[in-house]
Amino acid sequence: MAYEPFASRSRAVLIGVAKYEHTQDFANIPSAISNTAQLRAVLTSGALGRLIPRTVETLAEPATRDRALEAIRTAVAQAQDLLFCYFSGHGYLDLEGDRPELYLMTRESTKAGARLDGIPYTALLQLLASSRAERVVLVLDCCFAGNAGLLPLPDRPFSLITSSRVGSRIHKGDGIDPTPFTAAMVRVLREGTHTPDPVTVGTLGIRLGELAAEQGEMPDADYDPWQPTERSSGGAGDTVLSQARRPRPTPAWLRALGRVRLRLRRIVGYAAFGWTWTAGPGQPLWHRAVGGCTALALLAGGVTGYTAANRPAPLCPAPLELRVLTSPETRGAVASVLDAFQESAEGTTPLTGDGSRPDGCGQINTTVYSAPTDKVAAAFRDSAAWAEPERACASSEPTACNSPLVEVGAHPDVWIPESSSAYTRVREAAERPESVVDFGTPRTLARSPAVVAATEDLPGVERNGSTLAQLVKAADDKDITVRSADPRSSDAALDLLLHLPATARSFSATDDRELVCEARTGLSDSPPQRLALLTAESTVAALTTDLDSRPPCLGDSTDSYAVYYPRDVPPLDLTYIPVTWETSHADRADRTAAVQRLAAWLTSPAGQRELATQGFRTTAAAAGSWRNYRFAVRPVTGSGSASAARISALLASYAAAGEGRRDVLFAVDVSSSAYSGGNIPVINSLLARAAKSLNPKDRYGILAVPGGTVLALGTHSGGQLDAALRALRAVKRDAPISAALADAPSSLSVLVLVTDDEDSARATAPDPPLKMPVVVVSLEDFGCALAFNKKLTAHDGTCIDTSEDIADRLVEALA
């Protein structure tokens, strides 16, 4: 019996990498946009699909490694019935190791750095297999996808559908329609198979094989024909993906005979009646006139009906891609709200610009992405580099250039920060002569009160009447650790810092989403931490409720928080800011109309209700549907606005408070297993970027393990750093990791270990533990699960592995 998943309990991630930054390695694949758009349409079709729009995450532009992994991890954590993952882009086969390794290449990927900026298939397989979903389906439309079939499937209900044979390179499409494999898959999901039953994973694979055989050889000799393969374990092949059915076939001659007989009977009957009524004996003259007119009308109607019935369906162009940039802590909520917009009348009514799309076609597709506020502010200040990165920097050294496209993503059409304070920080930058960006009139969409959320009740203070200083002091008096995010990257933390500068010492995580994940106490085996979080009410709601935007790091566990509302801190105001770029001309009319339409919907009762369901205070409801006894119905009044000068001065003083000379030692595993092949450019690039991110007054050194000091602690020029990196050499013996770390100077501020974990897996951590924080950078997938690395980073340390962007994470850890 077929397995039919529940739509609300299922999740899908559709990744289509259309643009690549390093085109010398990987050409662009414009068809990837059509792939994800058409696949999403058929999977969420009300008559056919088994999914609903709000449960389908689509990444087409920009499709970076971090955003892809974030979307997949979120779906893995949320899916309970069906987890569907689709990838369209370049596949790359790394032949450097003991066996070929398949990597799925994203926007910033390169061949030389595949281990650093690609998604290893083995890691993706483990990540998907860890989901609690009943069924998992993975679809790969890329070159070398067939190599994925060489690895065994997880021991659970799991299906894999690939588009090519082992070692095969397939065509990337014409750039307008979907790629051949995805076009065939969409066709089967829309039309059904030869059977009268729904389309399952198994029948989809069979029908795809038939269509591939019908297509034959590719006209381009440089590519192999696409050749699908379907493999399933644990009985997952019976998972229903579409309700499209074909009725049981009736013999052609019998169908034709039935149609002829029915039509003849109707024609004879109507003709006999019409003739008798019109020209029969004794009929009046007006009967003859009416009969003649009726005959002419029927003839004209028949011709018109035949023409309309046989008119070809309109060719639907790709929907307008509306790029929406928001804060990391609000990304999930905004994405859920905009899913509802896409299905609303405002989202499906044709636009009226020059690029109008026919009625019945998709009109607007919203792509929601996020970045910390400091990176967004820097990108808007250097808007020319954001709009036209190829003209922004003439330097041959990439690290010397500002790269908003890499740090943030594509330039947005709409910016929705969590607070208007973020807009205040960059508003003046848009007025500079060199700026190519223009901000529209901001609109407040919703509010979220600032809160102090404590893991236990605070004595001597009121839930609604105390000041922020009183609440923080009450927590300190009870030895409760007060924590908040970095105000340079978090809108909520900045608004709180505006009213209590003394809390600068307690800021830690880069944004509120990371703060939530770091503060989770229900997932730890150690005794619960005594914490008080300074953040926004909507962020705390994700800790205790089942919102769509709930961070996946929380899993099924929740902590109990008592929420306090400081009376002297105005609420955060979720702000809608239209963004216009001087460099955009082709579809400006349509894009402007879409931005205005989205703004009107978000401020309408329908949009306000959707925002309220995500934990925001709106005009539709005093508080969201998630409110429980720990949340107060506090009036949200006042404004959090502050001058740009005050914000700049406050952030400068915050940064200065954390400055001071630091000593950083990079210990590099140069055993032949670690410092060889594709790891060499990855390690060198990692060290160069991390060293250049340090403050000018910081001292750093490089230690080769085994081998000794390569660069002594000190302040070094770029030439000295380059010479040290060239001096690194692989050594054909084990790396004495433990001994080298134990001999490290105790005065170090941070010790960074870069290793492939082969030698450290057999080592024991130094005893007693090191007194300085240790950052471990593992060159293996999920290396942070190693016991050695866990113990080494137990004292205020950090572990980073290739399941995330190790370069960005190391820079953040050293910030």
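Of the possible donor and acceptor atoms, none in the side chain of Arg323 sits under 3.5 Å from a partner among the backbone N and O of Val368. In this structure, the side chain of Ser327 does not engage the main chain of Glu329 through any donor-acceptor pair within 3.5 Å. With hydrogens and angles ignored, the 3.5 Å screen pairs no side-chain donor or acceptor of Arg156 with any backbone N or O of Ser130. Within the 3.5 Å criterion, the main-chain N or O of Val682 finds no donor-acceptor partner in the side chain of Ser685. Although no hydrogens or angles enter the test, the distance criterion places a donor-acceptor pair under 3.5 Å between the side chain of Glu108 and the main chain of Arg65. Put simply, the side chain of Ser45 never gets that close to the backbone of Ala41: no donor and acceptor are under 3.5 Å apart. Within the 3.5 Å criterion, the main-chain N or O of Leu189 finds a donor-acceptor partner in the side chain of Ser242. Side-chain atoms of Asn147 do not come within 3.5 Å of backbone N or O of Leu102 as any donor-acceptor pair. Although no hydrogens or angles enter the test, the distance criterion places a donor-acceptor pair under 3.5 Å between the side chain of Ser163 and the main chain of Cys142. No donor-acceptor distance shorter than 3.5 angstrom exists from the side chain of Thr200 to the backbone of Asp238, with no hydrogens or angles considered.
Shown here are the side chain to side chain donor-acceptor pair (under 3.5 Å) partners of Ser31, two or more places apart in sequence or in another chain: there are none. Under the salt bridge (Lys or Arg N to Asp or Glu O under 4.0 Å) criterion, Lys19 pairs with Glu61, not counting sequence neighbours. Taking Glu57 as the reference, Arg331 meet the salt bridge (Lys or Arg N to Asp or Glu O under 4.0 Å) condition, with sequence neighbours excluded. The salt bridge (Lys or Arg N to Asp or Glu O under 4.0 Å) test applied to Asp339 returns Arg40, not counting sequence neighbours. With sequence neighbours left out, Glu210 forms a salt bridge (Lys or Arg N to Asp or Glu O under 4.0 Å) with Arg207. Partners of Thr110 by side chain to side chain donor-acceptor pair (under 3.5 Å), not counting sequence neighbours, listed by chain and number: Asp117.
Distance check: Glu610 CD to Ser344 OG gives 9.5 Å after rounding to the nearest 0.5 Å. Interatomic distance, Leu14 CG to Tyr86 OH, rounded to the nearest 0.5 Å: 8.0 Å. Rounding to the nearest 0.5 angstrom, the gap separating the CG atom in Leu602 from the CD atom in Glu346 is 10.0 Å. In this structure, OG1 in Thr23 is found 7.0 Å from CG in Asn28, a value given to the nearest 0.5 Å. Separating the OG1 atom in Thr162 from the OH atom in Tyr121 is a distance of 8.5 Å, to the nearest 0.5 Å. Between the CD atom in Gln342 and the OG1 atom in Thr366 there is a gap of 3.5 Å [rounded to 0.5 Å].
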Side chain to side chain contact (heavy atoms under 4.5 Å, CB included) between Arg54 and Ser8, intermediate numbers included: CA-CA 9 Å; Arg54 72 176 179 82; Ser8 61; 4.1 Å; yes
Step-by-step side chain to side chain contact (heavy atoms under 4.5 Å, CB included) determination, Glu101 to Thr122: CA-CA 8 Å; Glu101 174 77 15; Thr122 52; 3.0 Å; yes
Side chain to side chain contact (heavy atoms under 4.5 Å, CB included) between Leu128 and Cys85, intermediate numbers included: CA-CA 9 Å; Leu128 295 175; Cys85 182; 4.2 Å; yes
Candidate pair Val13 and Phe87, rule side chain to side chain contact (heavy atoms under 4.5 Å, CB included), full reasoning: CA-CA 8 Å; Val13 180; Phe87 175 84; over 6 Å; no
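Shown here for Val17 and Arg107, the closest heavy-atom pair between the two residues is CG1-N, 3.7 Å. Here the closest non-hydrogen pair linking Glu4 and Pro198 is OE2-CG, 4.4 Å. Across every non-hydrogen atom of Ile119 and Ala68, the tightest pair is CD1-CB, 4.0 Å. Arg115 approaches Tyr103 most closely through the heavy-atom pair CG-OH, 3.2 Å. The two residues Leu59 and Ala71 have their closest heavy-atom pair at CD1-CB, 3.9 Å.
Residues Gln614 and Ser336 have side chains in contact (heavy-atom distance under 4.5 Å, counting atoms from C-beta outward). Inter-residue side-chain proximity for Val188 and Thr193 is flagged as met; some heavy-atom pair is nearer than 4.5 Å. Thr36 is not listed as a side-chain neighbour of Ile15, based on a closest heavy-atom distance of 4.5 Å or more. No side-chain heavy atom of Val414 sits under 4.5 Å from any side-chain heavy atom of Leu325. Put simply, the side chain of Trp226 does not reach to within 4.5 Å of the side chain of Ser168, judged on heavy atoms. At least one side-chain heavy atom of Val408 sits under 4.5 Å from a side-chain heavy atom of Trp386. With contacts defined as side-chain heavy-atom distances shorter than 4.5 Å, the pair Pro154/Leu125 qualifies. Put simply, the side chain of Ser10 reaches to within 4.5 Å of the side chain of Pro5, judged on heavy atoms.
With Phe158 as the aromatic partner, Arg135 does not meet the cation-pi criteria of under 6.0 angstrom to the ring centre and within 45 degrees of the ring axis.
Between the side chains of Asp757 and Asn789, at least one donor-acceptor pair of N or O atoms lies under 3.5 Å. In summary, the side chains of Ser88 and Asn35 do present a donor paired with an acceptor at a separation below 3.5 Å, with no hydrogens or angles considered. A side-chain N or O of Thr179 and one of Asp141 form a donor-acceptor pair less than 3.5 Å apart. No side-chain donor from either of Glu230 and Ser159 sits under 3.5 Å from a side-chain acceptor of the other. Judged by distance alone, the side chains of Thr106 and Tyr20 never bring a donor and an acceptor atom under 3.5 Å apart. Looking at Ser164 and Gln227, their side chains never bring a donor and an acceptor atom within 3.5 Å of each other.
Each of Arg132, Arg11, Arg9 was evaluated against Gln78; a single residue qualifies, Arg11, per the side chain to side chain donor-acceptor pair (under 3.5 Å) test.
Relative orientation of the Phe26 and His90 rings is tilted, given thresholds of 30° and 60° on the angle between their planes.
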